[in-house]
Amino acid sequence: MKVSTIVVTIAVIFIALAATIYSLQNRAPNTHPIEFTAPFVFGRFNVPVDNPLTQESVLLGRRLFYDPILSSNNQVSCATCHKQALAFTDGLKTSIGVSGIPLKFNAMSLANLMWGPRHFFWDGRVSSLEAQAIEPIKHVNEMARDLEQLIIDLNNDELYKKLFKKAYGEISEKSIAKALANFQRTLISANSRYDQYLRGEISLSPLENQGRKLFMAHPDTKVVLRGGNCIDCHSQFLTSGFGSKFDGFSNNGLDNDQTLQEGLFILTQNEAHRGLFKAPTLRNIAVTAPYMHDGRFTTLEEVLAHYNGGIKRSKTLSPLIIEADNIAKTQLDHISLNLNDNEITAIIAFLHTLTDDEFLTNSAFSNPFMADTSDD
Amino acid sequence: MTKSSNNTANIMTVNKKTITFAFLALVTVLVVVVVLLRPAPQNITLRFHPFVGDNPFLLNTQSYQNPGGDGEFTVRDFQLFISNIVLSSPTNQINEQESYHLLRFDGNSAFDQIVIPQIKLRSHNQLSFGIGVDPKANGSLMFSGDLDPNSRMAWNWQVGYKFLLLEGTLTVNKQQLPLVYHIGFDESYTELNFDIANKIMPENGVINFKIDLQRLFQKDNSHDVIPTQPQLPQDIEYIDMYKMSHVKFSPEDVKSIANGFNHFITIM
C-alpha cells in the first residue's frame, strides 16, 4: 500500500465519534452525550452499556479525580500519583500514598484507556476501569478510605449531591467508580508529532523517521532488514500492548527465573503467564520516567540499553526477543538486538515524537479546583 | 341508457374481481409453497481442531517431534486468519460479510470455531475460504471482522498482516532455539475448497476440520509428483525446524512455509 494513500485516508477519516448511541440507551437522569474525536487508526473502542459517556458523568469524575476527599487523611487524590503534566504519572520510582510506604509499582500513564488491553494494572488483575477505580481508594497504602464513610461525606457536600444527582441519580460505590472511569475515558492523546505525521500534516526529521522505521520492524538479517522489534509488542498506532485477550502482556526480559515476579499469573494462574506484564502505551513516554513496572530505569537510554543487550533469560521470556537480532546469530547465550549507537539515538528520537503537548496542558483534563479559584 | 351502461360496468367489475381473486389465490399458494419448501435458517459452525500429526495440539505444556529433523518443539502461540468464507450450491452462493476471522488456540477449549449465523441452507455442497488476508484488505487500513491494524497480527501498515503466527521453542541436544514463524505477503494468500456434501452434522450444523501443524511444514514437491495422485503419508517430506527456525520477511522461506497452507487443513 502506498504511504500517501494511507496518509490521505487517515487525514480524511478523522472520525468524529459522538457517543449518542450510548446515551440514547440507558439514560437515567436527563444527561447529555459527550462529544469527542479520536483518530480512525485507533480502531474500535468500548464503553460499557451501563455507563454511557455523558457530560454530567465526566464533570463529576474529573472533580472526584482531583479531590483528596477520596483519601483517609484528606491529602491524597488520584492526581497525587497521576499528574497531567507527566501524562498522569508521578515521576517516582514507585508511588507513595497515605501510608508513606512506597508501593510495589510505578504509576501508570492514563492515556487512550479505551483502546489497547482490556485488563488494567501492570499485571492485568482488573478488567474494567470501573472496577479499577475503587482499588486505590480502598488500598491501605494508597488512599485507605472507608467507602461507607466516603459516601456519607459526599452526601454532606451540597455540590457533590447535585453533581451525582445529575449524572447518576444517587451517590454509591458504583456511581463513584463509573464517574471516575468516564473521566479517564476522555483522556485521549492524539495530537503528538507522530499523529500529525500520520495525518500528513508534518514530516518527521530524517533521524526520527529512521527511528520510526526501526520501531516498526522486526529485524531479518536474511533480507537485510534492520529493526528494533518494538512493534512485536507495542502496536503501530496506539503504541500500547495489543487489545485482544492477553496479547498485550509479555515478558520483556527484566528478570531471570530467580527474581521473576508473578505478573499476569496472579490473574490467570497459568504458569506460562508468570512474569508477563502489560506492555504500556508509549505515548508521552519522554515525560513518564522512570520506566517499567518497578521504575527501575531512569532514562530512555537505559531502556534501550536493556533491549539492546541487557535482556535476562527466564522460562517465559518472549521468543521474539530472543530471536530478534540485527546480526546473524552466532551464539545463543547472549541476547541482543545488536543495534548501533546511531540506531539507538534514532529510536529515542522517534519516542520523543510521541509527546503530545496539547494532552499535557489540555484544560479539560486539569484540576477543576484550581480552575475554580482562578475563575473567581 | 344509464341502466345498461351500469350493467356493463357491473359485468366488468365482476370479471375484474374474479381475476384479481384468482391471481391473489395463486400468489398465496405460491408463497406458501415457497415458504414450506424453504429450509429453516440454521447456524453453520466451522470447528477447527488443532493437531500435530495424530496428537492433539496443546500450547506450552506438550512437546512434539521436529517434523523434518532432530529435536522437539513446544508452541507458545498459534494464530491464523481465515477469510472470505463462501458456501455454495449449484444454484446459489452465500458470501459471509466482513469475513475475516482470527483463529487462535490459546483458550481453555480444545478447538476454535467460526459460527456463521442463520444460514438458509439447501444442498450447499461447496465451502471455500482463504488462509490469510486477501490482497485488497491486506493493503488497506480497515477494521473489518477481526482485522485490526493495532493487533499482534499486524506488521506495520506498509507490510500488512501476518496470515499465520507460530511462536515457540525447539530443543535439540539440550540447546534451545526460539521458533518464530510470521507468514504473510499477498502471494501467500491461499484459497481452499472443500466438498461439504454430507459433512455438516445435521443436529447442530457443525463441520469439523483438522488443522495439522505437522503438515504446515510439508515440503513443496509439487514438481515431482503427478498432481492427481494423492501422496502416501510416508512419502511426504518435511521441513527441518532447526534449519529454518525463523521465517519473517525472506520471500523464499515464506513461500516454503505458505506452501503448507494447501495441505494442513482437512475435513475430519
Side-chain angles (χ1 to χ4, degrees), chain A residues 1-3 5-7 9-10 13 40-44 115-116 198 212-213 215-225 227 231-248 250 270-273 313 315-325 329 332-333 335, chain B residues 58-61 73-77 79 102 104 106-108 135-160 162 165-170 172 175-182 184 186 244-254:
Chain A
M1 173 178 9
K2 276 200 222 106
V3 185
T5 337
I6 294 150
V7 170
T9 320
I10 295 165
I13 321 176
F40 167 74
V41 292
F42 281 13
R44 303 189 191 100
W115 295 270
L198 289 172
R212 179 185 67 80
K213 287 185 184 153
F215 186 98
M216 306 292 165
H218 184 100
D220 195 337
T221 48
K222 269 200 156 167
V223 290
V224 209
L225 175 68
I231 195 177
D232 284 337
C233 306
H234 301 274
S235 66
Q236 58 180 329
F237 299 118
L238 293 167
T239 69
S240 66
F242 309 119
S244 174
K245 301 225 175 149
F246 296 118
D247 289 353
S250 42
N270 179 344
E271 270 306 324
H273 291 163
R313 224 179 240 282
K315 53 183 189 303
T316 58
L317 174 61
S318 164
L320 292 170
I321 286 205
I322 307 174
E323 187 271 336
D325 199 337
K329 273 247 185 296
L332 284 162
D333 43 319
I335 303 166
Chain B
L58 279 175
L59 277 186
N60 301 309
T61 49
F73 71 97
T74 54
V75 176
R76 182 190 82 136
D77 268 300
Q79 315 188 349
L102 184 64
R104 48 190 300 162
D106 53 355
N108 294 322
K136 188 160 170 267
N138 199 34
S140 64
L141 283 172
M142 55 189 222
F143 293 83
S144 174
D146 287 340
L147 292 182
D148 174 358
N150 287 303
S151 75
R152 174 180 199 170
M153 292 303 271
W155 270 313
N156 66 58
W157 69 83
Q158 273 119 328
V159 194
K162 301 158 193 163
L165 176 150
L166 179 69
E167 294 168 8
T169 309
L170 177 71
V172 188
Q175 190 194 37
Q176 297 208 321
L177 206 69
L179 297 176
V180 175
Y181 302 98
H182 290 176
D186 290 349
M244 205 187 273
S245 61
H246 49 93
V247 179
K248 294 150 304 183
F249 297 111
S250 155
E252 266 180 26
D253 292 358
V254 170

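Below, read A as the first sequence line, B as the second, and so on, with proteins coming before strands; counting in each chain starts at 1. Basis for what follows: all heavy atoms, side chains included, without hydrogens, waters or symmetry-related copies.
Using a 4.5 Å cut-off between heavy atoms, A:Leu225 touches chain B through its side chain atoms alone. In this structure, the portion of B:Asn60 lying under 4.5 Å from any heavy atom of chain A is its side chain and not its backbone. For A:Ser240, no part lies near chain B; criterion is any non-hydrogen pair under 4.5 Å. Contact annotation for B:Asp106: only side-chain heavy atoms (C-beta onward) come within less than 4.5 Å of a heavy atom of chain A. For a residue to count as touching a neighbouring chain, one of its non-hydrogen atoms must lie under 4.5 Å from one of that chain's; by this rule B:Arg76 touches chain A with the side chain only. Heavy atoms closer than 4.5 Å to chain B are found in the backbone of A:Phe42, but not in its side chain. Both the backbone and the side chain of B:Ser250 come within contact range of chain A, each with at least one heavy atom under 4.5 Å from a heavy atom of that chain.
Shown are A:Leu317, A:Ile322, A:Ile335, A:Leu320; of these, the side-chain contact (heavy atoms from CB on, under 4.5 Å) with B:Pro178 is made only by A:Ile322.
Ionic pairing of A:Lys222 and A:Asp220 is not present here: no N-O contact between side-chain nitrogen and carboxylate oxygen is shorter than 4.0 angstrom.
When B:Arg152, B:Glu252, B:His182, B:His246 are compared by the number of non-hydrogen pairs under 4.5 Å with chain A, B:Arg152 comes out ahead. Counting heavy-atom pairs closer than 4.5 Å to chain B, the top-ranked of the candidates A:Lys213, A:Gln236, A:His218 is A:Gln236. Most heavy-atom pairs under 4.5 Å with chain B: of the set A:Val223, A:Thr316, A:Asp247, this distinction falls to A:Asp247. Residue with the most contacts toward chain A among B:Glu167, B:Arg104, B:Met142: B:Arg104 (heavy-atom pairs, distance under 4.5 Å).
In this pair, A:Phe215 and A:His234 present their aromatic rings tilted. The plane angle is within the 30 to 60° band.
For B:Asn156 (side chain) and A:Ala217 (main-chain N/O), no donor-acceptor pair under 3.5 Å exists by modelled atom type.
The ring-ring contact (aromatic ring centres under 6.0 Å, His included) search around A:Phe246 returns A:His119, A:His273, not counting sequence neighbours. When the ring-ring contact (aromatic ring centres under 6.0 Å, His included) test is applied to A:Phe242, no partner is found at least two apart in sequence or on another chain.
Using a 4.5 Å cut-off on side-chain heavy atoms (C-beta onward), A:Glu323 and B:Lys248 make contact.
Atoms CG and OG, from B:Leu102 and B:Ser151 in turn, are 7.0 Å apart once rounded to the nearest 0.5 Å.
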